[in-house]
S.K.: 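Would you mind keeping the following structure in view while I ask a few things?
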Amino acid sequence: MKQKTLLQSALAIGLAVACASAQAAAMTVDSLDGPVTQNEIQSFVDFAQGLQAGASNVGNEWAQGHSGENLKAMALVYDIAPRQALLDKMVSFCDALLSERNDILPAPAGQRVIWTGRVDPVWPNQPDVSPIQTGGEQGDPVGHLGNCARQILKTTAVYNQKVAGGDPFRFGATYLLRAKTYLSEADKTVDQHILKSLVKLSDGNRMYFAANAPYKGGLPVPWNQQMMFDYGFLNLAQAHELLKDDPARVKRYDQIVQANLDWFLQSGLTRYTDKAGRPAYDWGYTMPDTSGEDNSHGSLDTAGLYRLYHSGRYGLQAAQLVPIANTVLDVMRLGDRHYAGRLNGTTGAGNSKDTNYLRSGYMLTAPFQAAAYYTIMSDAGIQDGSATSRIDAYSRFLEVKSVRAAASANKPGQR
């Protein structure tokens, strides 16, 4: 299949997903205050039922594309309020995701020899480019599988139940078997591609692309792509910990995440006092740059950092994330729903273009700057009595709202 045809297919898939989402009931905001309501959760669950999994990773569909964002949103809300319908939807997405992996999908769409000279267990985002390259986007599918396994493994009541949608791909008839399959297959991608060929950790576990990799060979992995890999390693570590089956692997995954988080905090940041007299951060796209990251990638970085913080695994403290909230509010925010294209307050083109809304990753800074909660939500399009079809923004609103409710009830902020 030629590249043009693949892109046309991807556009058709995206249109179908958008149409399905449009047909679903919009997600409703009962109130910015108080605990998350049953109506808000149900509106999310109902909306999720109209979502459809993508047919491939073309255009990074399973990373920053619709399917990847949908899965992350569903898992985030399931952590807040477990619902069987939501778990089953996640399972259907992960079944589709795993079935589309290069070594599982039949030829000609699958079984492709990639840049390593092998039919590796990966999800190509440009399958008709020669050689077929891979990069940080491989971390997100691994993270989705690990995340879904984690959700099943923490829901012990479903272990021996048959999966509601059946077992069309023979990934395991019960929820427990399905979780074990997701986990082992995600580990396979890590073992047989990511850590075997794509990423080198010889510098104290810091992530560099392999010297012979066609994409950024020999260079440090950009921070947003590190967050993709970290998403995978974190969820796999958590799932294996729940399963109690491989403590050595848990330790290894945690060591990688910790080393790269430390690298970012110790070497990647420029610390300064902003115009409001508060501590702020700037950072670059990848080492050795420490300034000028764009609005889009900065949102992905921020969401990844919040994920690591909320896991409670890596010693990341709330005080270390406060300067990001200050940066968003004091430096990037140019006015109501107007944000600079870069973290340093300047604006360019493309990913560095200014926006008339707040990207959803930055919504997760709200717990660290409580006085700006209403401003942050409003700039992201979330207001009392409103409705939205932006699943990424809505799921993050529910996350922040649940954290605020827990704090007001004097409960721990981390789950």
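Computed from a predicted model, the values in this text were never measured in an experiment. Numbers here simply count residues along the sequence, with the first being 1.
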S.K.: For Ser378, does its backbone N or O pair with a side-chain atom of Arg337 as donor and acceptor, under 3.5 Å?
M.R.: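 Side chain of Arg337 to backbone of Ser378: a pair is present.
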
S.K.: Under the side-chain hydrogen bond (donor to acceptor under 3.5 Å, both in side chains) test, which residues partner Trp263, sequence neighbours left out?
M.R.: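 With sequence neighbours excluded, Trp263 shows a side-chain hydrogen bond (donor to acceptor under 3.5 Å, both in side chains) to no residue whatsoever.
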
S.K.: Using modelled atom types and a 3.5 Å cut-off, is there a donor and acceptor pairing between side-chain atoms of Gln64 and backbone atoms of Asn60?
M.R.: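 Judged by distance alone, no pair lies under 3.5 Å.
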
S.K.: Can a donor-acceptor pair be found, under 3.5 Å and without considering hydrogens, that links the side chain of Trp123 to the backbone of Leu97?
M.R.: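 At least one qualifying donor-acceptor pair exists.
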
S.K.: Is the shortest side-chain heavy-atom distance between Ser352 and Asn295 below 4.5 Å?
M.R.: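 When only atoms from C-beta onward are counted, Asn295 and Ser352 do not touch, as no gap falls below 4.5 Å.
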
S.K.: Is there a donor-acceptor pair closer than 3.5 Å between any side-chain N or O of Ser67 and the backbone N or O of Gly54?
M.R.: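 Present.
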
S.K.: Go through Thr189 and Ile194 one step at a time and tell me if the side chain to side chain contact (heavy atoms under 4.5 Å, CB included) criterion holds.
M.R.: CA-CA 6 Å; Thr189 294; Ile194 293 175; 4.1 Å; yes

S.K.: Applying side-chain contact (heavy atoms from CB on, under 4.5 Å), can you list everything that pairs with Ser360, at least two apart in sequence or on another chain?
M.R.: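 side-chain contact (heavy atoms from CB on, under 4.5 Å) check on Ser360 returns Met363, Arg390, Asp392, Ala393, Arg396.
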
S.K.: Return the CG to OH distance between Leu76 and Tyr306, rounded to the nearest 0.5 Å.
M.R.: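 Result: 7.5 Å between the selected atoms.
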
S.K.: Does the pair Lys196 and Asp120 meet the rule for a salt bridge (Lys or Arg N to Asp or Glu O under 4.0 Å), with working shown?
M.R.: CA-CA 11 Å; Lys196 179 177 182 178; Asp120 278 6; over 6 Å; no

S.K.: So, applying side chain to side chain contact (heavy atoms under 4.5 Å, CB included) with Gln369, which one of Leu329, Thr375, Asp330 is it?
M.R.: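 Answer to the side chain to side chain contact (heavy atoms under 4.5 Å, CB included) test with Gln369 among Leu329, Thr375, Asp330: Leu329.
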
S.K.: Any donor-acceptor pair under 3.5 Å linking the side chain of Tyr314 with the backbone of Ala259?
M.R.: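 No.
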
S.K.: Could Arg307 and Asp230 be called an ion pair, given the rule that one side-chain N must be under 4.0 Å from one carboxylate O?
M.R.: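 Salt bridge between Arg307 and Asp230, a charged N being under 4.0 Å from a carboxylate O: no.
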
S.K.: Tell me, which pairs form a side-chain hydrogen bond (donor to acceptor under 3.5 Å, both in side chains) where one or both residues lie in residues 267-276, sequence neighbours left out?
M.R.: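 Of all non-adjacent pairs touching residues 267-276, those that pass side-chain hydrogen bond (donor to acceptor under 3.5 Å, both in side chains) are Thr270-Thr290.
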
S.K.: Taking side-chain hydrogen bond (donor to acceptor under 3.5 Å, both in side chains) as the definition, give me every residue that meets it alongside Gln317, ordered by chain and number, with sequence neighbours left out.
M.R.: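 Gln317 satisfies side-chain hydrogen bond (donor to acceptor under 3.5 Å, both in side chains) with no other residue.
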
S.K.: Taking Gly292's backbone N and O only, do any of them form a donor-acceptor pair with Asp282's side chain (distance below 3.5 Å, no angle check)?
M.R.: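 Confirmed, Asp282 side chain pairs with Gly292 backbone.
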
S.K.: Mind running salt bridge (Lys or Arg N to Asp or Glu O under 4.0 Å) on Glu241 and Lys251 for me, showing each step along the way?
M.R.: CA-CA 10 Å; Glu241 201 163 69; Lys251 181 179 179 180; over 6 Å; no

S.K.: Is the cationic atom of Arg404 (NZ for Lys, CZ for Arg) positioned less than 6.0 Å from the six-membered ring centroid of Tyr373 and within 45 degrees of its normal?
M.R.: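 Yes - Arg404 lies over the ring of Tyr373, closer than 6.0 Å to its centre and within 45° of its axis.
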
S.K.: Can you tell me how far apart NE2 (His297) and CE (Met227) are? Round to the nearest 0.5 Å.
M.R.: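 It is 12.5 Å, given to the nearest 0.5 Å.
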
S.K.: Only counting residues at least two apart or in another chain, list the ones meeting ring pair (Phe, Tyr, Trp, His ring centres under 6.0 Å) with Tyr175.
M.R.: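 Tyr175 satisfies ring pair (Phe, Tyr, Trp, His ring centres under 6.0 Å) with no residue once adjacent residues are dropped.
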
S.K.: Walk me through it: do Tyr78 and Phe44 pass the test side chain to side chain contact (heavy atoms under 4.5 Å, CB included)?
M.R.: CA-CA 10 Å; Tyr78 190 83; Phe44 181 92; over 6 Å; no

S.K.: Start with the C-alpha distance between Asn344 and Tyr281, add both sets of side-chain angles, then the distance that settles side chain to side chain contact (heavy atoms under 4.5 Å, CB included), and finish with yes or no.
M.R.: CA-CA 8 Å; Asn344 60 18; Tyr281 290 155; over 6 Å; no

S.K.: Between Phe264 and Trp223, is the ring pair (Phe, Tyr, Trp, His ring centres under 6.0 Å) condition met? List the steps.
M.R.: CA-CA 8 Å; Phe264 177 76; Trp223 297 122; 5.0 Å; yes

S.K.: If the condition is side-chain contact (heavy atoms from CB on, under 4.5 Å), which residues does Arg150 pass it with, not counting sequence neighbours?
M.R.: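 Per chain and number, Arg150 pairs via side-chain contact (heavy atoms from CB on, under 4.5 Å) with Asp79, Asn147, Lys154, Asn235, Gln238, Ala239, Leu242.
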
S.K.: Which residues pass the side-chain contact (heavy atoms from CB on, under 4.5 Å) test with Ala349, sequence neighbours left out?
M.R.: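 Partners of Ala349 by the side-chain contact (heavy atoms from CB on, under 4.5 Å) criterion come out as none, since no residue qualifies.
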
S.K.: Checking Asn260 now: which residues fulfil side-chain hydrogen bond (donor to acceptor under 3.5 Å, both in side chains) with it, not counting sequence neighbours?
M.R.: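 If we apply the side-chain hydrogen bond (donor to acceptor under 3.5 Å, both in side chains) test to Asn260, skipping adjacent residues, there are no hits.
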
S.K.: Is there side-chain contact between Asp379 and Arg333, with at least one heavy-atom pair below 4.5 Å?
M.R.: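 In short, these two side chains touch, coming nearer than 4.5 Å.
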
S.K.: Got a sec: does the CG of Asp203 have more than 12 other heavy atoms crowding it under 6.0 Å?
M.R.: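 Count over threshold, so yes.
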
S.K.: Any ion pair linking Arg112 and Asp128 (charged N to carboxylate O, less than 4.0 Å)?
M.R.: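 So Asp128 pairs with Arg112 through a salt bridge.
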
S.K.: Between Arg342 and Ser291, is the side chain to side chain donor-acceptor pair (under 3.5 Å) condition met? List the steps.
M.R.: CA-CA 9 Å; Arg342 301 188 185 96; Ser291 177; over 6 Å; no

S.K.: Is a donor on one side and an acceptor on the other found under 3.5 Å between the side chain of Gln111 and the backbone of Leu105?
M.R.: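 The answer is yes, because a donor-acceptor pair under 3.5 Å joins these two groups.
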
S.K.: The criterion is side-chain contact (heavy atoms from CB on, under 4.5 Å); which residues satisfy it with Tyr159, sequence neighbours excluded?
M.R.: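 With neighbours one apart ignored, the set is Leu153, Thr156, Leu176.
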
S.K.: Closer than 3.5 angstrom, by distance alone: can the side chain of Thr286 be matched with the main-chain N or O of Pro220 as a donor-acceptor pair?
M.R.: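 Such a contact is found between Thr286 side chain and Pro220 backbone.
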
S.K.: Could you name each residue pair satisfying salt bridge (Lys or Arg N to Asp or Glu O under 4.0 Å) that touches residues 169-193, not counting sequence neighbours?
M.R.: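 Listed by first then second residue: Asp95-Arg178, Arg101-Glu185, Asp103-Lys188, Asp167-Arg178, Asp187-Arg249, Asp191-Arg249.
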
S.K.: For the CG atom of Leu98 and the CZ atom of Phe169, what is their distance to the nearest 0.5 Å?
M.R.: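 Reported to 0.5 Å precision, the distance equals 9.0 Å.
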
S.K.: Any chance you could lay out the side chain to side chain contact (heavy atoms under 4.5 Å, CB included) test for Arg313 and Gln258, step after step, and finish with the verdict?
M.R.: CA-CA 9 Å; Arg313 299 180 75 87; Gln258 188 71 66; over 6 Å; no

S.K.: Could you grab the distance from atom NZ of Lys89 to atom OG of Ser92, nearest 0.5 Å is fine?
M.R.: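 It comes to 5.0 Å.
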
S.K.: Over 60° means perpendicular and under 30° means parallel, so tell me whether Phe229 and Phe233 are parallel, tilted or perpendicular.
M.R.: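 Phe229 and Phe233: parallel rings.
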
S.K.: Look up atom CD1 in Ile382 and atom CE in Met377, then write down how far apart they are to the nearest 0.5 Å.
M.R.: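 Going from CD1 on Ile382 over to CE on Met377, the span is 7.5 Å.
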
S.K.: Check whether any side-chain N or O of Tyr339 sits under 3.5 Å from a backbone N or O of Thr355 as a donor-acceptor pair, and report yes or no.
M.R.: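 A pair under 3.5 Å: no.
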
S.K.: May I ask you to decide if Val158's main-chain N or O and Thr155's side chain share a donor-acceptor pair within less than 3.5 Å?
M.R.: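 No, because the side chain of Thr155 does not come within donor-acceptor range (under 3.5 Å) of the backbone of Val158.
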
S.K.: If the condition is side-chain hydrogen bond (donor to acceptor under 3.5 Å, both in side chains), which residues does Asp289 pass it with, not counting sequence neighbours?
M.R.: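 Residues passing side-chain hydrogen bond (donor to acceptor under 3.5 Å, both in side chains) with Asp289: none at all.
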
S.K.: Kindly determine whether Tyr309 and Phe368 satisfy ring pair (Phe, Tyr, Trp, His ring centres under 6.0 Å), including the steps that lead there.
M.R.: CA-CA 12 Å; Tyr309 159 78; Phe368 312 107; 5.2 Å; yes

S.K.: Going by the salt bridge (Lys or Arg N to Asp or Glu O under 4.0 Å) test, which pairs reach into residues 290-306, not counting sequence neighbours?
M.R.: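 Matches after skipping sequence neighbours: none remain.
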
S.K.: So among Tyr182, Phe93, Tyr231, which one has a ring pair (Phe, Tyr, Trp, His ring centres under 6.0 Å) with His144?
M.R.: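 The option that passes is Tyr231.
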
S.K.: Ile132 and Pro127: which non-hydrogen atoms are nearest, and at how many Å?
M.R.: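 That would be CD1-O, 3.2 Å.
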
